[in-house]
Number of protein chains: 2
Amino acid sequence: MELESLFNYIKKFITLSDAECDVIADHVKLRDYLKHQFIVQQGDVCKYESFIVSGCAKTFFLDTEGNEHVVSLAIENWWAADLGSFISREPSDYNVQCLENCRVVQFSYEALEQLYEKIPQMERFFRLIMQNAYVAAQKRVLRNHSLPAKERYLIFRKQYPNIEQRVPQYLIASYLGITKQFLSKIRAEIILEG
Amino acid sequence: MELESLFNYIKKFITLSDAECDVIADHVKLRDYLKHQFIVQQGDVCKYESFIVSGCAKTFFLDTEGNEHVVSLAIENWWAADLGSFISREPSDYNVQCLENCRVVQFSYEALEQLYEKIPQMERFFRLIMQNAYVAAQKRVLRNHSLPAKERYLIFRKQYPNIEQRVPQYLIASYLGITKQFLSKIRAEIILEG
DNA sequence: AAAGGGTGTTCAACTAGATTAACAAGATCA
DNA sequence: TGATCTTGTTAATCTAGTTGAACACCCTTT
């Protein structure tokens with residue numbers, strides 16, 4: 001079934017009966033987006049937490065000079081959303097745009113609140129997800145302070161081995177917080193070093 | 001009572017009966033640390049999530065060259081821990097050291113697991129805490145990429161108006177990801193501009 | 001077949017911020 | 001009382017990373 005990958009993902013954190021899976025299925029929407037379409041747009045309230053079943057998306061924002069800043073890159077089994085906007089119900093600072101055709105499972109705010117009531121384990125599931133996300137974000141802050149761009153790039157390559165063939169390098173550069181020219185230079189060095 | 005500030009903090013997110021407060025009280029330890037003492041040490045497993053009742057602490061790590069990198073600064077009603085180590089039970093990458101005498105409320109891993117069972121609402125509480133922490137960390141990643149040091153410093157001052165008088169500037173510089181000399185330069189500029 | 005957009009590279013000039021070192025002013029403590 | 005430690009400043013030099021422009025290499029689309 002279409003939701004199988006979502007259920008498998010959730011089952012890594014909590015146990016789910018078939019009946020509970022059915023309840024979840026009743027509370028989510030399956031939706032397809034085309035490449036270049038926006039799952040979330042800067043200025044709109046982020047209405048869904050979207051779990052990516054297939055495809056690939058970037059989360060970014062435009063600063064006052066119109067420069068694009070990539071916050072995160074997401075592929076299968078990742079979440080795409082502006083969580084800050086989703087939980088506060090305030091306009092989003094970010095865009096989430098598809099880099100490939102995407103199939104996503106969407107949880108609305110109301111659906112999630114209902115799920116927390118009907119399946120209390122879901123509260124635990126999202127706690128665990130958020131814990132992990134927080135730890136990862138913290139480590140990223142740290143690496144950005146303490147490591148030069150080249151090492152950050154090498155870590156990125158280990159951490160996301162699949163993503164590099166799928167998304168253009170100028171987006172990876174932006175994610176790493178450097179310019180595409182400098183990333184190009186780093187890559188040339190790495191190739192020379194073997 | 002000593003735990004009142006913790007309960008008030010929790011009650012901002014969920015409702016707690018007096019009986020539930022008593023259960024929580026049975027599962028936590030109140031502990032005092034002196035200035036300069038370590039709540040967590042790099043290399044040890046982080047055994048507690050510590051809620052600061054009074055005092056002030058820095059979370060930092062030493063890189064391979066022995067340079068100190070401040071990850072976060074915490075005052076009253078904040079948490080101090082290496083969450084990554086706490087949840088994975090692996091040695092911590094960070095130190096948490098008191099900048100003033102500190103009184104903290106500590107949750108051990110086992111106590112927390114028991115609390116989640118006895119007071120399911122606590123699962124929700126920590127989900128909400130983690131969500132907020134994650135959103136804040138994400139915003140910090142972003143600001144570090146897209147804003148110059150001066151603006152990051154000004155935002156820091158707005159966000160933590162109390163902390164600046166309590167902790168030395170070289171720690172604030174490290175938290176911002178710049179050197180103390182450069183922070184000094186920025187401060188001189190800001191004073192000139194009025 | 002040509003024209004155009006999206007992507008990656010190279011190179012020169014430039015700048016934000018690092019590094020090193022020297023100095024001043026309080027603390028702290030014998 | 002002086003001595004040492006901690007903290008903040010200033011200034012010179014240095015470097016990681018930026019900016020901008022030019023060029024090459026695909027893909028599409030017409």
Side-chain angles (χ1 to χ4, degrees), chain A residues 34-37 56-58 60 63-70 73 97-101 141-157 163-193, chain B residues 34-37 56 58 60 62-70 73 97-101 141-157 163-193:
Chain A
L34 296 173
K35 184 173 176 173
H36 301 307
Q37 278 192 309
C56 177
K58 64 174 170 179
F60 68 101
D63 64 22
T64 44
E65 277 105 44
N67 304 310
E68 178 173 329
H69 297 270
V70 174
L73 295 166
Q97 188 178 18
C98 299
L99 299 171
E100 303 170 355
N101 293 344
V141 169
L142 220 100
R143 282 197 296 263
N144 289 345
H145 280 189
S146 61
L147 297 179
K150 190 180 190 171
E151 295 191 47
R152 265 147 52 207
Y153 173 59
L154 290 171
I155 290 171
F156 172 82
R157 289 215 305 193
I163 235 179
E164 232 198 342
Q165 289 86 38
R166 292 169 72 176
V167 319
Q169 307 222 4
Y170 66 87
L171 293 180
I172 294 173
S174 177
Y175 173 85
L176 291 171
I178 58 177
T179 57
K180 60 193 164 150
Q181 291 91 331
F182 193 56
L183 177 55
S184 178
K185 201 169 166 184
I186 287 172
R187 284 164 52 82
E189 281 178 33
I190 290 170
I191 289 166
L192 272 180
E193 291 162 7
Chain B
L34 295 174
K35 183 173 178 175
H36 301 307
Q37 279 193 307
C56 177
K58 63 175 172 179
F60 69 101
L62 299 174
D63 64 22
T64 44
E65 278 105 44
N67 303 311
E68 177 173 329
H69 298 271
V70 174
L73 295 168
Q97 188 178 16
C98 299
L99 299 171
E100 302 170 357
N101 293 344
V141 169
L142 218 101
R143 281 197 296 263
N144 289 345
H145 280 188
S146 59
L147 297 180
K150 190 177 186 171
E151 295 191 47
R152 266 146 51 209
Y153 173 60
L154 289 171
I155 289 171
F156 172 83
R157 290 214 304 192
I163 236 178
E164 231 197 342
Q165 289 86 38
R166 292 171 70 178
V167 316
Q169 306 221 6
Y170 66 86
L171 293 179
I172 293 173
S174 178
Y175 173 85
L176 291 171
I178 58 178
T179 57
K180 61 194 163 145
Q181 292 90 333
F182 193 55
L183 177 55
S184 178
K185 205 167 162 184
I186 287 172
R187 283 163 52 83
E189 280 178 32
I190 290 170
I191 290 165
L192 271 180
E193 290 163 5

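All values below come from the heavy atoms of this structure, side chains included, with hydrogens, waters and symmetry mates left out. Chain letters run A, B, ... following the sequence lines, proteins first, then strands; residues in each count from 1.
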Rounded interatomic separation in angstrom, taking [atom1] from [X] and [atom2] from [N]:
X        : N      : atom1 : atom2 : answer
B:Leu176 : C:dA18 : CG    : C1'   : 15 Å
A:Glu68  : C:dT7  : CD    : C1'   : 14 Å
B:Ile191 : D:dT9  : CD1   : P     : 7 Å
A:Tyr170 : D:dC25 : OH    : P     : 20 Å
A:Leu147 : D:dG17 : CG    : P     : 10 Å
A:Lys185 : C:dA13 : NZ    : P     : 14 Å
A:Ile190 : C:dG8  : CD1   : C1'   : 15 Å
B:Lys180 : D:dT6  : NZ    : P     : 12 Å

If you check every side-chain atom of [X], which of [options] has the closest atom?
X        : options               : answer
A:Ile178 : D:dT18, D:dG8, C:dA16 : D:dT18
B:Ala188 : D:dT10, C:dT7, C:dA16 : D:dT10
B:Pro148 : C:dG17, D:dT7, D:dT18 : C:dG17

>> If you assign each of B:Ile186 and A:Arg187 to its closest nucleotide in DNA chain C, which residue comes earlier from the 5' end?
In response: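 Per heavy-atom nearest nucleotide, the more 5' residue is A:Arg187.
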
Just distance, no hydrogens or angles: give the donor-acceptor pairs under 3.5 Å from side chains in residues 170-181 of chain B, sequence neighbours left out.
from: B:Ser174; atom 1: OG; to: B:Val70; atom 2: N; distance (Å): 2.8
from: B:Thr179; atom 1: OG1; to: B:Phe182; atom 2: N; distance (Å): 3.3

> Should A:Ser184 be listed as having a side-chain N or O under 4.0 Å from OP1 or OP2 of C:dG8?
Replying inline: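 No, A:Ser184 has no side-chain N/O under 4.0 Å of OP1/OP2 on C:dG8.
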
>> Please tell me if B:Thr179 has a side-chain N or O lying less than 4.0 Å from either OP1 or OP2 of C:dA18.
In response: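 It does, given that an N or O in the side chain of B:Thr179 lies less than 4.0 Å from OP1 or OP2 of C:dA18.
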
If every non-hydrogen atom of [X] is compared with every non-hydrogen atom of [Y], which pair is closest and at what distance?
X        : Y        : value
B:Glu164 : B:Arg157 : OE1-CD, 3.1 Å
A:Leu34  : A:Gln37  : N-OE1, 2.7 Å
B:Glu151 : B:Leu147 : OE1-CD2, 3.8 Å

Is there a side-chain contact between [X] and [Y] (heavy atoms, below 4.5 Å)?
X        : Y        : result
A:Leu142 : B:His69  : no
A:Arg166 : A:Leu99  : no
A:Lys58  : A:Val167 : no

> Over its full length, what angle do the end axes of the helix from C:dA1-D:dT30 to C:dA30-D:dT1 make, each axis taken from five pairs and the result rounded to 10 degrees?
Replying inline: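 The angle separating the two end axes equals 30°.
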
> Between the base of C:dT9 and the side chain of A:Gln181, is there a donor-acceptor distance below 3.5 Å?
Replying inline: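 Donor-acceptor pair under 3.5 Å: no.
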
